[in-house]
Amino acid sequence: MSEHLIKTAEVPESVGATGQGVRIGVVLAVVLALSVGIVLLAAKAVRDKKAEVLEHQQKRFELLTQGRTEVIASWLENLSHQGDRLIKSDLFRLYATEVDTYAGDLSNLFGTLHSDRAVEGDDATLAEQLPMMENMLREFSTYSGFLNARILSRKGEAYIATDGYLPPMNQEQTALAAAAIEANGPQYSSVRKTAQGVEMDVFVPIYPPEAVGRTDGKSDRPAVGVLMMTRQVSGKITELLSNSPLAAAGEKTRLMQKSGAVFREIAPWTAVGFTDVAFPVEIDETGHIPFGVRPSIANVDAKVYSMGVRIPGPAWWLVQEISYDAAMKPIAEYERTVYIVAGLGILTALLIAGLAWWILTGVQSQRVAKQFRALATQIEEQKLFIDSINANIEEFIVLKDVNGKFTYVNDAFASAAGRPREELIGMDTAAVFGFDTAKRLESIDEVVVSEKRKMTVNEPIFIRSRRHLFQVSKSPYLCADETCQGIVEVYRDMTEFVAAQEKNKRLVRNAMEALGSTIEAADPYLGGHTKLMAGLSVEVAKTMHLSEMDIAEIETSANLSQIGKMFVPNEILTKPGKLTPEEKGVMEKHVEYAYRILKDIDIDEGVLTAIYQMNERLDGSGYPKKLKDGEIIMLARILAVLNVFCAMIRPRSYRGAQDPEQALNILSGDTGKFDPAVVAALADVIHTPIGEKLLGDRE
């Protein structure tokens with residue numbers, strides 16, 4: 001790399017043996033100091049590299065575990081919500097409430113159906129309704145994919161079961177049923193192995209019919225019973241633990257649960273379904289397993305770097321592992337390279353010492369002195385060059401002269417380009433990356449050379465017909481007199497990191513759509529409203545030629561537009577008929593509820609403002625701030641038109657659905673409230689194939 005930079009030099013002739021001895025001693029001391037310094041710097045570089053690699057690995061683990069933990073938590077929450085169709089039935093809740101008020105022995109009460117003992121009054125009614133309730137429970141269990149289900153009283157007594165009999169519950173099941181009532185929310189059992197596979201129980205509280213929902217999704221009245229559902233989860237857990245596309249070689253994702261004082265790995269694919277963890281598990285104060293080196297939870301003899309995240313609900317931990325050798329591989333390769341370079345540096349220092357010895361003995365002293373001074377200058381220039389490289393080193397390293405020709409490439413760059421290093425020397429960027437890419441990169445070279453400053457850009461580059469996204473750092477290579485001799489380039493491959501970011505964005509978008517569906521579940525007449533509103537809003541924004549960012553924000557705003565209605569009482573949401581002024585005031589508070597929920601979330605300001613203003617009208621008759629024409633942003637104007645349009649073309653408890661053309665005519669005639677440009681764009685959209693498909697899907 002630097003052969004063309006090194007020249008021989010001369011030093012002045014010594015004027016005495018004593019002076020020569022002193023000078024030789026000084027040279028040897030300097031060589032020794034340089035050697036020690038090189039070794040210390042090499043050791044520090046290795047330590048820094050190890051810290052960097054482990055930090056990067058920890059961040060990867062945090063990203064992977066965060067995504068998978070959210071998926072598992074969402075799956076568990078979905079399991080608990082599958083019982084809503086049953087336990088939110090007024091008939092079922094009323095029956096559970098009546099059983100809860102029964103003061104006698106439940107086994108005696110329901111045993112009368114199979115005996116000759118006569119029962120009168122409400123007791124007879126409860127007993128007579130039992131077969132119907134069993135059929136409802138059995139139908140729900142079959143439809144929802146549960147192995148079995150049962151209904152428990154507040155005391156933990158089972159009085160309805162899908163299989164027609166009431167097998168005894170174990171101590172854990174009894175405790176979790178009580179915990180569901182005490183915590184006023186769902187509980188999850190430990191996973192267990194049965195003949196059918198790996199199973200778990202979900203316990204959901206049943207509330208009386210008159211219970212009113214709270215902002216946290218729970219009830220203001222104590223539960224009167226518990227729905228216990230048993231699910232076979234072998235396939236789902238295996239799916240959730242399958243290798244991610246982001247996983248590196250040697251990485252594994254494992255699921256661990258705590259049963260009593262014992263930690264066990266959940267392994268549905270094995271014969272026994274579990275593997276005991278044979279070493280003490282370290283749980284920090286946050287409930288998680290910190291990143292560090294320890295035995296694998298599956299094999300105590302396997303040394304790994306691992307991290308565990310506590311999953312909300314059951315006593316589960318998602319554990320991400322990578323084998324110690326795989327984690328240390330880049331460090332070992334870097335350490336070998338660093339110490340080879342350090343050895344070459346020490347060898348260079350020894351060669352310089354030998355040269356100094358020869359010079360100080362007086363052989364051709366004047367000529368050698370002159371050449372030695374030149375060598376010292378070149379060595380200083382090489383030091384500046386090496387420092388410049390070390391300041392930017394990441395992946396591929398290239399040195400070009402001022403004409404754009406390669407004078408040095410490292411092995412990583414040559415391997416990626418698929419050519420020997422010797423062949424690349426003398427070539428230019430266009431020969432490796434193509435004319436268009438070279439033209440973009442060379443425009444930056446001109447600035448680096450002329451202004452003598454470092455520049456960093458992100459650039460898509462095709463290597464061997466595969467697209468990569470590189471972060472390219474360019475630095476001027478300066479001599480001692482500050483003249484620019486070339487450019488040092490460092491290429492860092494960001495492809496996987498960007499792909500991980502894009503995947504995380506998709507997860508967030510899917511979560512928002514799922515949240516929109518959850519919101520609509522609060523109002524039976526709101527089903528599909530958010531999806532239709534989001535689809536039409538995007539098409540209207542495109543028709544109005546809004547920017548890509550505005551289109552993304554309008555879609556997010558539409559998906560979250562109904563979030564505040566979760567906190568509006570259900571009797572007001574579904575009331576058949578006109579609301580009273582007091583009820584209307586309660587309904588309009590959904591805007592404030594939405595603002596409180598979203599303001600502390602990392603969400604674009606445009607989305608928050610659009611949701612807050614979507615109920616304002618151009619003439620100032622809207623709410624909550626009575627804003628007028630120029631005070632309402634365009635995204636909110638679009639949401640205002642689409643929200644009213646989608647509401648009119650869908651049925652309500654107090655009226656039927658209107659034809660889209662009728663709804664559009666109403667909006668067109670009310671220009672004082674709605675933006676005519678938005679209404680006109682909507683009229684265009686509903687007559688397009690996409691608009692017709694969106695309106696057809698609402699049926």
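All of these numbers come straight from a predicted model, not from anything done at the bench.
Distance check, rounded to the nearest 0.5 Å: CD of Gln320 to OG1 of Thr69 gives 9.5 Å. If you take CD1 on Ile603 and CG on Leu560, they are separated by 5.0 Å, rounding to the nearest 0.5 Å. The distance from atom CD of Gln58 to atom CG of Leu63, rounded to the nearest 0.5 Å, is 12.5 Å. In this structure, Gln196 CD and Ser234 OG are separated by 10.0 Å, a value rounded to the nearest 0.5 Å. We find the CD1-OG distance between Ile487 and Ser475 to be 9.5 Å, quoted to the nearest 0.5 Å. The CD atom of Glu265 sits 4.5 Å away from the CD1 atom of Ile297 when rounded to the nearest 0.5 Å.
Judged purely by atom type and a 3.5 angstrom limit, Thr270 uses its side chain to pair as donor or acceptor with the backbone of Ala267. Listed for the Asn559 side chain is a donor-acceptor partner under 3.5 Å among the backbone atoms of Glu555.
Side chains of Arg264 and Thr275: a donor-acceptor N/O pair is absent below 3.5 angstrom, by distance only. Side-chain polar atoms of Glu199 and Thr194 form a donor-acceptor pair below 3.5 angstrom. In this model, no donor atom of one side chain and acceptor atom of the other lie less than 3.5 Å apart for Asp401 and Thr407. A side-chain N or O of Arg231 and one of Gln82 form a donor-acceptor pair less than 3.5 Å apart. Side-chain polar atoms of Glu172 and Ser190 form a donor-acceptor pair below 3.5 angstrom. Side chains of His81 and Asp84: a donor on one and an acceptor on the other come within 3.5 Å.
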Please table the atom pairs, donor to acceptor, closer than 3.5 Å between any side-chain atom in residues 29-39 and protein atoms at least two apart or in another chain.
| residue | atom | partner | partner atom | Å |
| --- | --- | --- | --- | --- |
| Ser35 | OG | Val31 | O | 2.9 |

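Residues in residues 263-288 take part in these ring-ring contact (aromatic ring centres under 6.0 Å, His included) pairs, two or more places apart or across chains: Phe263-Trp317.
Side-chain contact check for Leu255 versus Ile311: some heavy-atom pair is nearer than 4.5 Å. Residues Glu553 and Thr556 have side chains not in contact (no heavy-atom distance under 4.5 Å, counting atoms from C-beta outward). Using a 4.5 Å cut-off on side-chain heavy atoms (C-beta onward), Gln57 and Glu251 make contact. At a threshold of 4.5 Å between non-hydrogen side-chain atoms, the residues Met229 and Leu79 do not count as touching. Within the 4.5 Å cutoff, the side chain of Leu76 has heavy atoms near those of the Pro314 side chain. Between Arg453 and Pro476, every side-chain heavy-atom pair lies at or beyond the 4.5 Å cut-off. Counting only heavy atoms from C-beta outward, the side chains of Thr230 and Met228 approach each other to under 4.5 Å. Counting heavy atoms from C-beta on, the side chains of Ser80 and Tyr188 come closer than 4.5 Å.
Annotation: Glu182, atom CD; neighbour count of heavy atoms from other residues, nucleotides and ligands within 6.0 Å does not exceed 12. The number of heavy atoms from other shown groups lying within 6.0 Å of CD (Glu333) is above 12. Environment of NZ in Lys193: crowded, with over 12 heavy atoms of neighbouring residues, nucleotides or ligands closer than 6.0 Å.
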Item to check | side chain to side chain contact (heavy atoms under 4.5 Å, CB included) evaluation trace for Val398 with Tyr491 | outcome: CA-CA 8 Å; Val398 173; Tyr491 294 75; 4.1 Å; yes
Checklist entry - How far apart are the C-alpha atoms of Phe406 and Leu399, what are their side-chain angles, what is the distance that settles it, and do they pass the side chain to side chain contact (heavy atoms under 4.5 Å, CB included) test? => result CA-CA 6 Å; Phe406 295 142; Leu399 174 62; over 6 Å; no
Item to check | Working for side chain to side chain contact (heavy atoms under 4.5 Å, CB included), residues Thr253 and Leu64 | outcome: CA-CA 9 Å; Thr253 304; Leu64 290 171; over 6 Å; no
Checklist entry - Are Ile397 and Glu489 close enough, and set up right, to give a side chain to side chain contact (heavy atoms under 4.5 Å, CB included), and what steps lead you there? => result CA-CA 6 Å; Ile397 305 173; Glu489 295 181 343; over 6 Å; no
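Between Arg192 and Asp201 a salt bridge is recorded (basic side-chain N to carboxylate O distance below 4.0 Å). With respect to the salt-bridge test (charged N to carboxylate O, under 4.0 angstrom), the residues Glu321 and Lys252 do not qualify. Ionic pairing of Asp325 and Lys329 is not present here: no N-O contact between side-chain nitrogen and carboxylate oxygen is shorter than 4.0 angstrom. With respect to the salt-bridge test (charged N to carboxylate O, under 4.0 angstrom), the residues Asp428 and Lys400 do not qualify.
Scanning all heavy atoms of the two residues, the minimum distance from Leu241 to Arg254 falls at CD2-C, 4.1 Å. Between Gly83 and Leu227, the shortest heavy-atom contact is CA-CD2, 3.9 Å. Counting all heavy atoms, side chain and backbone alike, Gly250 lies closest to Ala326 at CA-CB, 4.4 Å. Scanning both residues, Leu478 and Cys484, for their nearest heavy atoms gives CD2-CA, 3.7 Å. Smallest separation of non-hydrogen atoms from Lys258 and Gly260: CE-O, 3.2 Å. Residue Ser473 comes nearest to Thr456 through the heavy atom pair OG-OG1, 3.3 Å, listed as atom of the first residue, atom of the second, then distance.
Under the 30°/60° scheme for interplanar angles, the aromatic rings of Trp75 and Trp316 are found to lie parallel.
Looking at residues two or more places apart in sequence or on another chain, you find no side-chain hydrogen bond (donor to acceptor under 3.5 Å, both in side chains) involving Arg47.
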